[in-house]
Amino acid sequence: MGAYQTRALRLFDLIDTSKNGHIDYEDLPRAADDPGSTDAQRARILKTFITGVANAADSNTDTRVTKMEMISCVERTMVGTSASDLPGYIREVTAGVFALMDADGNGRIGKSEFEKYLKAQNVTDPGAVAEFTRLDRDGDGSLTLDDLTYATHRFFTAPENDVPEHWLLAAVSA
């Protein structure tokens with residue numbers, strides 16, 4: 001199994017909160033009462049992902065997505081494309097994660113916002129903070145939505161193992 005398939009399956013396992021081997025609507029979290037809360041934002045991100053992947057990957061239309069269906073969907077819709085060709089639901093997920101990180105709403109994510117986001121998502125891996133530099137493609141000290149869109153594309157398509165992933169996995173982990 002290749003690197004991007006391994007990353008996609010790691011994402012699958014985080015989203016499959018019911019641990020039934022499928023991504024389905026049972027995996028949708030209950031959103032917090034406050035629609036502006038981080039929990040509610042994460043719930044919307046998960047709903048967008050689950051609905052999108054269910055529509056794109058559920059080849060046998062049983063309302064459940066298996067690991068193989070998800071891998072097949074990634075390969076069919078993302079591998080061999082560019083970041084600008086990502087499916088709409090993946091772009092929405094990326095924009096949702098960006099909004100979670102952009103605490104001051106200025107359209108750019110500074111290193112301190114990135115670190116606060118990781119801390120709020122209980123990410124303790126020391127390599128996670130180092131991802132900021134790798135995500136900042138132009139080295140200007142801040143991340144844009146384009147930076148994260150590019151990183152999302154690489155998450156789902158890059159054949160190498162060393163791809164920033166903590167930032168995305170943190171948004172969907174319980």
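Throughout, residue positions are numbered sequentially from 1 according to the sequence presented. Note that the structure is predicted; figures quoted are calculated from it, not measured.
Rounding to the nearest 0.5 angstrom, the gap separating the CD1 atom in I109 from the OG atom in S142 is 8.5 Å. Interatomic distance, T51 OG1 to I23 CD1, rounded to the nearest 0.5 Å: 11.5 Å. One finds the CG atom of L143 at 10.5 Å from the NZ atom of K111 (value rounded to the nearest 0.5 Å). In this structure, K19 NZ and D27 CG are separated by 8.0 Å, a value rounded to the nearest 0.5 Å. How far CZ of F156 is from OG1 of T81: 11.5 Å, rounded to the nearest 0.5 Å. Residue W167 holds its CH2 atom at 3.0 Å from OG1 of T152, rounded to the nearest 0.5 Å.
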*Please walk me through it: do Y25 and K47 pass side chain to side chain contact (heavy atoms under 4.5 Å, CB included)?*
CA-CA 8 Å; Y25 294 102; K47 182 177 181 181; over 6 Å; no
*salt bridge (charged side-chain N to carboxylate O under 4.0 Å, His left out) evaluation trace for D140 with R108*: CA-CA 11 Å; D140 70 350; R108 301 187 80 68; 2.4 Å; yes
*Verify side chain to side chain contact (heavy atoms under 4.5 Å, CB included) between M1 and L9, making sure each step is shown before the conclusion.*
CA-CA 10 Å; M1 181 164 299; L9 292 180; 3.3 Å; yes
*Please report the C-alpha distance between M101 and E113 in whole Å, then the side-chain angles of each, then the deciding distance to 0.1 Å, and finally whether the side chain to side chain contact (heavy atoms under 4.5 Å, CB included) criterion is met.*
CA-CA 6 Å; M101 286 187 211; E113 286 175 302; 5.6 Å; no
*Check step by step if side chain to side chain donor-acceptor pair (under 3.5 Å) holds for D146 and T144.*
CA-CA 5 Å; D146 284 343; T144 64; 5.0 Å; no
*Derivation and outcome, side chain to side chain contact (heavy atoms under 4.5 Å, CB included), residues H22 and V65*: CA-CA 5 Å; H22 301 92; V65 176; over 6 Å; no
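Between F155 and L169 there is a side-chain heavy-atom pair separated by less than 4.5 Å. For the pair D24 and T63, the minimum side-chain heavy-atom distance is 4.5 Å or more. Contact annotation: the side chain of L168 approaches that of V97 to within less than 4.5 Å [non-hydrogen atoms, C-beta and beyond]. Counting heavy atoms from C-beta on, the side chains of F12 and T66 never come closer than 4.5 Å.
Salt bridge absent: E69 and R64 never bring a charged side-chain N and a carboxylate O closer than 4.0 Å. Between R134 and D162, at least one side-chain N (NZ, or NE/NH1/NH2) sits under 4.0 Å from a carboxylate O, which counts as a salt bridge. Residues K67 and D16 are not paired through a salt bridge, judged by the lack of any N-O separation under 4.0 Å between the basic side chain and the carboxylate.
Here the side chain of E131 pairs a donor or acceptor atom with the backbone of H166 at under 3.5 angstrom.
Nearest heavy-atom pair across Y4 and T157 is CD2-O, 3.7 Å. The two residues P87 and M78 have their closest heavy-atom pair at CD-CG, 3.7 Å. In plain terms, the two heavy atoms of L100 and A171 that are nearest each other are CD1-CB, 4.4 Å. Q5 and E75 make their closest contact through NE2-OE2, 3.0 Å (heavy atoms, listed as atom of the first residue, atom of the second, distance). Here the shortest heavy-atom pairing between S18 and E26 reads CB-OE1, 4.1 Å. In terms of heavy atoms, G107 sits closest to D102 at N-OD2, 2.8 Å.
Aromatic pair F114/F132: centroids less than 6.0 angstrom apart.
One hydrophobic cluster, built from ILVMFWY side chains closer than 4.5 Å, cannot hold both V163 and L135; they sit in different ones.
Figure legend: R137 and Y150 shown as a cation-pi pair, the cationic atom lying under 6.0 angstrom from the six-membered ring centre and within 45 degrees of its axis.
Under the side chain to side chain contact (heavy atoms under 4.5 Å, CB included) test applied with H153, the options D85, I90, L86, V79 reduce to a single match, L86.
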